[in-house]
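To start, the structure itself, in structure tokens.
Computed over heavy atoms, backbone and side chain alike; hydrogens, waters and symmetry mates excluded.
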Amino acid sequence: MKKLRKSLLSLCLVTAFSSIPFGASAEESVVKVSSVDELSAAMSKAQPGDTIVMRNGIWKDAAIVMEGAGKPNKPITLRAETPGQVVLSGASTLNIGGSYLVVDGLVFKDGGDIDDSGVIEFRVGDHEATHSRLTNIQMLDYNPPSNEKNTKWVGLYGSYNRVDHSYFKGKKNIGATMVVWREQAGEQHHVIDYNHFAGRPILQDDHGQVISNEAETLRIGTSTYSLTDSYTTVENNLFENNDGEIEMVSVKSGKNVIRGNTFLNNAATVTLRHGNGTHIENNFFFANGKTNAGAIRVIGEDHVIANNYISGIVGSNTTRGAIVLTNGIPNSALNKYFQVKHVLITHNTLVNNENNIIVGDKKSSTNTLAPVDTIIANNVVQASGNAKLPLIKVIDDSAALMYEGNFMHGAELGIEPVAGIIEQDPQLGLAEDGLYRASGTSPIINALKNGVYSVKEDMDGQPRPQGNRDAGADEVTNTPIRNKPLQPSDVGPEWLHASE
């Protein structure tokens, strides 16, 4: 219950952020600027509620600094004269430092060499941002000449900041697209929502050789403070064709929420790399048979993986299955592998995958600690019919898992029969919305009499009844659907869709 309350807290934060106005009222100052010097002068005088408007055009090699103190209902706003028509190019950067600041409607493209490692940072020197917002931004192919130069597109510092309704596409050099930086152990409560992260190719050096690390689309934290809690919420984003490295979303801190996102055709995974107590809930993963695609990779303790819909994962790569539980290292260093403990995997639907549940990946002479005290309950697995692996692939048979209320069908089970797994066809069929859902005669309907390890809503955001709940991510009910797979028109800058 405590973890569910944390998830609700993150949702409340999104609501609070959405009340920040985009512009200013007639009573407040609006200043138009045509150069960095004019912008700096206007910013030095800006008061809560004021708006600084960047005139349309190309701002080349512009070092934009927004530093000030707005108020909860009167932020200081920096916006484009016309959203999408203020273009920052070359070595342009943006730094945001202070409180209650909003940046709205800018475009970054045709990038060049950046002196610092961050293009957009929520800090000015040591002055970090709080309660500030980056919205309606577009970043396209903003890369230095060398793939081997390490830059990040967005660096979140401070606390209670939001990045929303933005579009990030085409990062090809070393460095994560977006990083939640943790340079101390405090809570952060950032919100990253309604963004479109698209088209991150496999990371290669300048000679075409693949580089296997430092190409995450989103990283939350670093190893140093990974055993402390960030409370960052990542929800309602579309991740599409992100192939940079195995860790598309790399979680390196605790108590985060990854919820309501759609992951489409990514040759990568959401990886709980370091830290404990993160929730991965109500997400849609569509691999569509893409090589090296995966879904969720688990390391650490006290995570909850619930109501996720995962389909189309092919191949026999045990690191990139639908749900992969990784072996740990005794007395692990912060940057290595902690043992999987006390993880709850419940009410997920895995359909038409060749590679489903993997237990004990990375087992070796160093990674000797198999997953323990982990519950796999109320899930539905319907394999593709030509699965190359058993439904549960156990690499380390010393794992201590408990099964309850699961339905699995379509391939060899992979373990000895247990009471908590019913080997019966769940009768999932393709529905009008393109998702596999239970037929009217499916045995998963009302299969869970006691509701143990259940969650209150299903993948659609529909409430589950008190008793006789359905197995899998979908509860068969006629109540309105509130959560569905996201389309490009659901995310990204509002002005971008208006021009399409």
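Taking each heavy atom of Pro390 and Gly414 in turn, the nearest pair found is CB-CA, 3.5 Å. The minimum heavy-atom distance linking Tyr142 with Ala91 is given by the pair OH-C, 3.9 Å. Scanning all heavy atoms of the two residues, the minimum distance from Asn143 to Gly170 falls at ND2-O, 3.0 Å. In this structure, Val119 and Ile114 approach most closely via the heavy-atom pair CG2-CG1, 4.3 Å. The heavy-atom pair separating Gly312 from Ala287 by the smallest distance is O-CB, 3.2 Å. The heavy-atom pair separating Ala411 from Leu389 by the smallest distance is CB-O, 4.2 Å.
The neighbour count for Asn331 CG, taken as heavy atoms of other residues, nucleotides or ligands under 6.0 Å away, does not exceed 12.
Rounded to the nearest 0.5 Å, atoms CZ (Phe284) and CG (Asn308) are 9.0 Å apart. Between Asp474 atom CG and Tyr436 atom OH the span is 14.5 Å, to the nearest 0.5 Å. Note that CD1 of Ile345 is 10.0 Å distant from CD1 of Ile375, once rounded to the nearest 0.5 Å. Atom CD of Glu214 sits about 10.0 Å away from atom CD of Glu247, to the nearest 0.5 Å. With rounding to the nearest 0.5 angstrom, the CD1 atom of Ile174 is 7.5 Å from the OG atom of Ser146. The CG atom of Leu227 sits 9.0 Å away from atom CD of Glu301, with the distance rounded to the nearest 0.5 Å.
His207 and Gln209 share no donor-acceptor pair across their side chains, judged by distance under 3.5 Å alone. Side-chain N/O atoms of Asn195 and Asn237 include a donor and acceptor closer than 3.5 Å. Between the side chains of Ser230 and Gln188, at least one donor N or O sits under 3.5 Å from an acceptor N or O. Judged by distance alone, the side chains of Asn307 and Arg259 never bring a donor and an acceptor atom under 3.5 Å apart. Residues Thr217 and Asn242 have side chains that bring a donor and an acceptor to within less than 3.5 angstrom of each other. Using a 3.5 Å distance cut-off with no hydrogens or angles, the side chains of Arg320 and Thr269 do not pair a donor with an acceptor.
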Begin with the C-alpha distance, continue with both residues' side-chain angles, and end with the deciding distance and a verdict on salt bridge (charged side-chain N to carboxylate O under 4.0 Å, His left out) for Asp460 and Lys484.
CA-CA 6 Å; Asp460 300 316; Lys484 61 180 64 176; over 6 Å; no
Ile120 vs Leu134, test: side chain to side chain contact (heavy atoms under 4.5 Å, CB included). Steps then yes/no.
CA-CA 9 Å; Ile120 301 175; Leu134 181 72; 4.1 Å; yes
For a side chain to side chain donor-acceptor pair (under 3.5 Å) check, start with the C-alpha distance between Ser223 and His274, then their side-chain angles and the critical distance, and finish with the verdict.
CA-CA 7 Å; Ser223 300; His274 304 309; 3.3 Å; yes
Can Trp153 and Met178 be said to form a side chain to side chain contact (heavy atoms under 4.5 Å, CB included), step by step?
CA-CA 6 Å; Trp153 278 4; Met178 184 179 296; over 6 Å; no
From CA spacing to verdict: side chain to side chain donor-acceptor pair (under 3.5 Å), Thr366, Ser364:
CA-CA 5 Å; Thr366 56; Ser364 66; 3.1 Å; yes
Can Asn265 and Asn288 be said to form a side chain to side chain donor-acceptor pair (under 3.5 Å), step by step?
CA-CA 6 Å; Asn265 299 338; Asn288 292 317; 2.8 Å; yes
Does the pair His196 and Glu240 meet the rule for a side chain to side chain donor-acceptor pair (under 3.5 Å), with working shown?
CA-CA 8 Å; His196 190 176; Glu240 182 179 10; 2.9 Å; yes
Apply side chain to side chain contact (heavy atoms under 4.5 Å, CB included) to the pair Asn317 and Asn292, showing each step before the final yes or no.
CA-CA 7 Å; Asn317 186 330; Asn292 287 329; 3.9 Å; yes
For a side chain to side chain contact (heavy atoms under 4.5 Å, CB included) check, start with the C-alpha distance between Val124 and Ile96, then their side-chain angles and the critical distance, and finish with the verdict.
CA-CA 6 Å; Val124 177; Ile96 306 167; 5.9 Å; no
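By the 4.5 Å heavy-atom criterion applied to side chains, Asp361 and Asn327 are not counted as neighbours. The closest side-chain heavy-atom distance from Pro145 to Asp113 is below 4.5 Å. Between Phe338 and Leu369 the shortest side-chain heavy-atom distance does not fall below 4.5 Å. Proximity of Arg437 to Leu428: side-chain heavy atoms (C-beta onward) are nowhere separated by under 4.5 Å. Between Ile310 and Asn283 there is no side-chain heavy-atom pair separated by less than 4.5 Å. Lys252 is listed as a side-chain neighbour of Arg219, based on a closest heavy-atom distance under 4.5 Å. Inter-residue side-chain proximity for His303 and Val298 is flagged as met; some heavy-atom pair is nearer than 4.5 Å. Taking 4.5 Å as the limit, some side-chain heavy atom of Asn173 sits within range of a side-chain heavy atom of Thr151.
The pair Asp193-Arg162 meets the salt-bridge criterion, with a side-chain N (NZ, NE, NH1 or NH2) lying under 4.0 Å from an Asp/Glu carboxylate O. Between Asp164 and Arg133 there is a salt bridge, with a side-chain nitrogen of the basic residue lying less than 4.0 Å from a carboxylate oxygen of the acidic one. A salt bridge is absent between Asp373 and Lys341: the closest approach of a Lys/Arg side-chain nitrogen to an acidic carboxylate oxygen does not fall below 4.0 angstrom.
Between Phe239 and Phe263, the two ring planes are parallel [angle under 30°; tilted spans 30° to 60°]. The aromatic rings of His131 and Tyr160 lie parallel to each other, their planes meeting at an angle below 30°, with 60° marking the opposite boundary.
Remark: side-chain polar atoms of Trp495 are paired, donor with acceptor, to backbone N or O of Asn136 under 3.5 angstrom. Without hydrogens or angle criteria, Asp206 side chain to Asn147 main chain gives a donor-acceptor distance under 3.5 Å.
Relative to the six-membered ring of Tyr337, Arg273 meets both conditions, a distance below 6.0 Å and an angle of at most 45° to the axis. For Arg123 and Trp181, the positive end is not near the middle of the six-membered ring at less than 6.0 Å and at most 45° from its axis.
When each of Lys171, Lys172, Arg200, Lys290 is paired with Asp243, the salt bridge (Lys or Arg N to Asp or Glu O under 4.0 Å) condition holds for Lys290 and for no other. A side chain to side chain donor-acceptor pair (under 3.5 Å) with Glu475 is found for exactly one of Gln462, Arg464, His347, namely Arg464.
Between Phe168 and Phe197, a ring centre-to-centre spacing shorter than 6.0 Å is recorded.
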